[in-house]
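Input: a single structure, listed below in structure tokens.
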There are 2 protein chains.
Amino acid sequence: MKPKDERKIQQIFQATLKLVEANGLAGITMSEIAREAKIATGTLYIYFKNKEDLLNALFSQCRRSAVAIYFKGYKEEESFKTGFKKIWMNLLSHRMQHFSEAVFIEQCNHSPFITENLKEVSKQQIQPLFILMERGKKEHWIKNADTTLLLTHIVGAINNVARYSHYHRKPLKPAMVKLLFELCWDGIKG
Amino acid sequence: MKPKDERKIQQIFQATLKLVEANGLAGITMSEIAREAKIATGTLYIYFKNKEDLLNALFSQCRRSAVAIYFKGYKEEESFKTGFKKIWMNLLSHRMQHFSEAVFIEQCNHSPFITENLKEVSKQQIQPLFILMERGKKEHWIKNADTTLLLTHIVGAINNVARYSHYHRKPLKPAMVKLLFELCWDGIKG
DNA sequence: AACATAAGTGAATATCTATTCAGTTAAAAG
DNA sequence: CTTTTAACTGAATAGATATTCACTTATGTT
């Protein structure tokens, strides 16, 4: 049934991401996706059952790819601060280098297209980060606060900075990244 | 022409906000808005030229109301920390007590419905906060970093915490608010 | 090459949504 | 109370967009 030309699927995904970044989830149509991907609209329906199916598949891939980036090069045996900084950097890198994916994920979380189930599953993939933060508290590196609250604060700050940098075309220079990490670290440290 | 039954306009706005919070900007239709507001679809077009006009008017009102809340009770003559804490609290209160408006504003910023012009204008209304931050740097209360970057970090953290609290039905207890302010303050302080 | 199968196409159709308008009801004026 | 005006209604229309399908093109098999 469904052909598995991975190249074409990625072509469709890239087209969708580009359009969502430009026009928002509210603004995309199947024919636009097809045009952007340089295929016929009918072809979309060879690879995906319908629009909802396409968006869910893309959401799923974006989340998986995001999580892989978050933990790239992370080693549990390193010190808390080293590990935390690594993941913090990875989070920022992801938002900067895969901006359209980050936007897509965020918009999906407020959208009726993505099934609730898929939204939930995707959140459970960052367990190692929770574990690291718990360790940070035990070793008295950071404030003794609810882990989810800490992470929500941290991630929110990162997301917003990445958004700002993108929409205002202000690349983040190393000095700025260093400062941003300090804003975060000085905030959480115990 | 347009009648000015302010009560009915607010009814329409509230209905729209409710639906956007539930289904996202991508998911709303004029007939749903009308049903939610308990009026006929045709009536929407008595008060607004079209859908775009409705959303722009709502965006405009939401921004105005938001800015009013941010600076409520703020006095320039107070100390930096007092003033900053006041505005920080106001920001958080706004996101918590007017959550659907905050969601709407955020989604509009990634949407083709809202005119670029309106998006720009709305950003210039928070000048006093910029001025306060500049003062904070001069008086060596806070780190000497780009003001926009500082604010982007701070606001991103607040937004995300408010989102979390809402979607997970976890009210923010006073102790948590105190902690969140410390996360922010310890981060920026010089 | 001849055949069989899979992939791709895009105009045609079905579905959905914005917008209009002829008719109705409510409010205001005389 | 009658007339005039404004507000409102929701079914009908117009305009988009999702989805299908008869047909074409490409790929693989004998």
Side-chain angles (χ1 to χ4, degrees), chain A residues 1-60 104 107-108 110-115 118, chain B residues 1-60 104 107-108 110-115 118:
Chain A
M1 328 259 122
K2 272 193 195 177
K4 297 183 186 178
D5 184 343
E6 192 56 35
R7 181 144 340 146
K8 192 146 290 180
I9 290 175
Q10 292 311 318
Q11 213 172 309
I12 293 168
F13 281 172
Q14 288 313 310
T16 307
L17 289 173
K18 182 171 174 185
L19 291 170
V20 169
E21 183 186 333
N23 306 323
L25 208 48
I28 53 168
T29 69
M30 292 299 264
S31 55
E32 276 178 332
I33 293 172
R35 178 152 18 97
E36 181 71 37
K38 299 195 208 300
I39 57 176
T41 45
T43 309
L44 291 174
Y45 291 86
I46 296 171
Y47 289 87
F48 302 97
K49 204 168 96 234
N50 51 36
K51 187 178 182 179
E52 190 179 330
D53 184 43
L54 190 166
L55 294 176
N56 273 283
L58 177 53
F59 180 73
S60 188
F104 180 72
Q107 295 205 17
C108 282
H110 295 288
S111 133
F113 287 119
I114 304 301
T115 63
L118 194 48
Chain B
M1 327 255 126
K2 273 194 193 177
K4 294 181 188 180
D5 183 343
E6 194 54 36
R7 181 142 341 144
K8 193 147 289 180
I9 290 174
Q10 292 311 318
Q11 213 172 312
I12 294 169
F13 281 172
Q14 288 313 310
T16 307
L17 289 173
K18 183 172 173 184
L19 291 170
V20 170
E21 184 186 333
N23 306 323
L25 208 48
I28 53 168
T29 69
M30 292 300 263
S31 56
E32 276 178 332
I33 292 172
R35 179 150 19 97
E36 181 71 36
K38 298 196 208 305
I39 57 176
T41 44
T43 308
L44 291 175
Y45 291 86
I46 294 171
Y47 289 86
F48 303 97
K49 202 168 99 236
N50 52 36
K51 187 177 181 179
E52 189 178 330
D53 183 43
L54 191 165
L55 294 177
N56 273 283
L58 178 52
F59 180 73
S60 188
F104 180 72
Q107 295 205 19
C108 282
H110 296 290
S111 134
F113 287 119
I114 304 302
T115 63
L118 194 49

By salt bridge (charged side-chain N to carboxylate O under 4.0 Å, His left out), which residues pair with B:Lys18, not counting sequence neighbours?
->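 Partners of B:Lys18 under the salt bridge (charged side-chain N to carboxylate O under 4.0 Å, His left out) test: B:Glu36.
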Residues passing the salt bridge (charged side-chain N to carboxylate O under 4.0 Å, His left out) test with B:Asp53, sequence neighbours excluded, are B:Lys2
How many angstroms lie between CG in A:Leu17 and CG in A:Leu58, if you round to the nearest 0.5 Å?
-> 4.5 Å
Taking side-chain hydrogen bond (donor to acceptor under 3.5 Å, both in side chains) as the test, write out the residues that go with A:Gln10, two or more places apart.
-> A:Glu6, A:Gln61
[X] has an atom [atom1]; how far is it from atom [atom2] of [N], in whole Å?
X       : N      : atom1 : atom2 : value
B:Leu44 : D:dA11 : CG    : P     : 15 Å
A:Arg35 : D:dT17 : CZ    : C1'   : 12 Å
B:Asp5  : D:dC8  : CG    : C1'   : 12 Å

Heavy atoms under 4.0 Å is the rule here; annotate nucleotides 9-25 of chain C 5' to 3' with B where the base is hit, S where only the sugar-phosphate is, and - elsewhere.
-> BBB-----SSBB-----
Residue pairs fulfilling ring-ring contact (aromatic ring centres under 6.0 Å, His included) with at least one residue in residues 4-38 of chain A, sequence neighbours excluded | A:Phe13-A:Phe48
Quick one: side-chain contact (heavy atoms from CB on, under 4.5 Å) partners of B:Tyr47, sequence neighbours excluded?
-> B:Pro3, B:Asp5, B:Lys8, B:Ile9, B:Ile12, B:Thr43
Would you say D:dA7 has OP1 or OP2 under 4.0 Å from some side-chain N or O of B:Tyr47?
-> no
